[in-house]
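Note sheet for the following structure.
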Protein chains: 2
Amino acid sequence: MNNWDRENGIAQFVRDRRKKAKLTQVELSDFTGVGLRFVRELEQGKPNLMSDKVNQVLLFFGHTLTPTPISDETRRNMGK
Amino acid sequence: MNNWDRENGIAQFVRDRRKKAKLTQVELSDFTGVGLRFVRELEQGKPNLMSDKVNQVLLFFGHTLTPTPISDETRRNMGK
DNA sequence: AATTTTTATACCTTTTAAGGTGTAATATCA
DNA sequence: TGATATTACACCTTAAAAGGTATAAAAATT
């Protein structure tokens, strides 16, 4: 077992959005063009990821990585 | 010459904040613990960076990478 | 409960970011 | 303008992410 944080912001965001879109990890992998392994590690909270790969996935959901104040972090998922 | 986008959001954010803090790239490198090379590539808009390294720098400025709607991207630097 | 689908884990290989260092270019200041 | 400080570019090495695939576990569907 790994000790990644599945509850971390990005991981949660992607899992949540993917579920809402009724997609499997395989489908998301296909649609976004990133490897299946990457989708899995992303959703499981792997701490160190390549930013443009993350963006490749986020873009599919109309989002992108941007610097935001830490105090605002708690409302990062505000977009539903 | 590389063809990176120095005007990209993260690059601009870091350069801007560093300048406002009256720090050199070397100092920012020291304070954040990331390599000097990384600070430079970051500020010059290298597209592919490791997310936790970026966060290591952003944290110094009280920020962190989070998924934000693309439509909101233009106000990413809202925090001054 | 059994079958199918989806997700998680483990192996190996390839790719590439990160870091260090040295040098050149640019900017800052006396 | 000349000296100093800061930033940019180019080399190489090392570390680790990404990807593919195969297997196991867990969830969902019937």
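Within every chain, numbering begins at 1; the chains are lettered A, B, ... in the order of the sequence lines, protein sequences first and strands thereafter. Side chains included, hydrogens not; waters and symmetry mates left out as well; all remaining heavy atoms used. Since the structure is predicted, the reported quantities are computational estimates derived from the model, not experimental observations.
Relative to the side chain of B:Glu41, the nucleotides D:dG19, C:dA8, C:dA18 differ in distance, and C:dA18 lies closest. Closest to the side chain of A:Phe38, from the set D:dA8, D:dA18, C:dA18, is D:dA18.
Residue B:Arg40 has no polar side-chain atom (N or O) positioned under 4.0 Å from OP1 or OP2 of C:dG19. Of the side-chain N and O atoms in B:Arg18, one or more sit less than 4.0 angstrom from OP1 or OP2 of D:dT7. Listed pair B:Gln25 / D:dA5 fails the phosphate criterion, with no side-chain N or O lying under 4.0 Å from OP1 or OP2. For C:dT7, the OP1/OP2 oxygens have no side-chain nitrogen or oxygen of A:Arg15 closer than 4.0 Å.
The separation between B:Lys19 atom NZ and C:dT28 atom P is 7 Å, rounded to whole Å. With rounding to whole Å, B:Leu36 atom CG is found 18 Å from C:dA17 atom P. Protein atom CG of B:Asp30 is 14 Å distant from nucleotide atom C1' of C:dG19, rounded to whole Å. Taking atom CG on A:Leu23 and atom C1' on C:dT5, their separation rounds to 15 Å, with Å as the unit. Straight-line distance from the CG atom of B:Leu28 to the P atom of D:dT7: 10 Å, rounded to whole Å. Regarding A:Glu43, its CD atom lies at a distance of 11 Å from the C1' atom of C:dA8, rounded to whole Å. The CZ atom of A:Arg6 sits 13 Å away from the C1' atom of C:dT9 (whole-angstrom rounding).
Of the residues in residues 45-56 of chain A, those with a non-hydrogen atom less than 4.0 angstrom from any atom of DNA chain D are A:Lys46, A:Asn48, A:Leu49, A:Met50, A:Lys53.
When hydrophobic clusters are built by joining Ile, Leu, Val, Met, Phe, Trp and Tyr residues whose side-chain heavy atoms come closer than 4.5 Å, directly or via intermediates, A:Ile10 is grouped together with A:Phe31.
Annotation for B:Asn48 and A:Lys53: closest pair OD1-N, 4.3 Å, computed over non-hydrogen atoms. The minimum heavy-atom distance linking B:Val34 with B:Ser29 is given by the pair O-OG, 2.8 Å.
For the side chain to side chain donor-acceptor pair (under 3.5 Å) criterion with B:Asp16, the lone passing option out of B:Lys19, B:Gln12, B:Lys20 is B:Lys20.
Residue whose closest nucleotide on DNA chain D sits further toward the 5' end, between A:Gly35 and B:Val26: B:Val26.
Considering only heavy atoms from C-beta on, B:Gln56 stays 4.5 Å or farther from B:Phe38 through its side chain.
Residue B:Gln44 is in sugar-phosphate contact alone, with no base atom involved, counting any heavy-atom pair closer than 4.0 Å across all strands shown.
Checked by atom type and distance alone, the side chain of A:Ser51 pairs as donor or acceptor with a backbone atom of B:Leu49 at under 3.5 Å.
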Original post:
Under the side-chain contact (heavy atoms from CB on, under 4.5 Å) criterion, do B:Leu65 and A:Thr66 qualify, and how do the steps go?
Top reply: CA-CA 5 Å; B:Leu65 285 180; A:Thr66 65; 5.9 Å; no
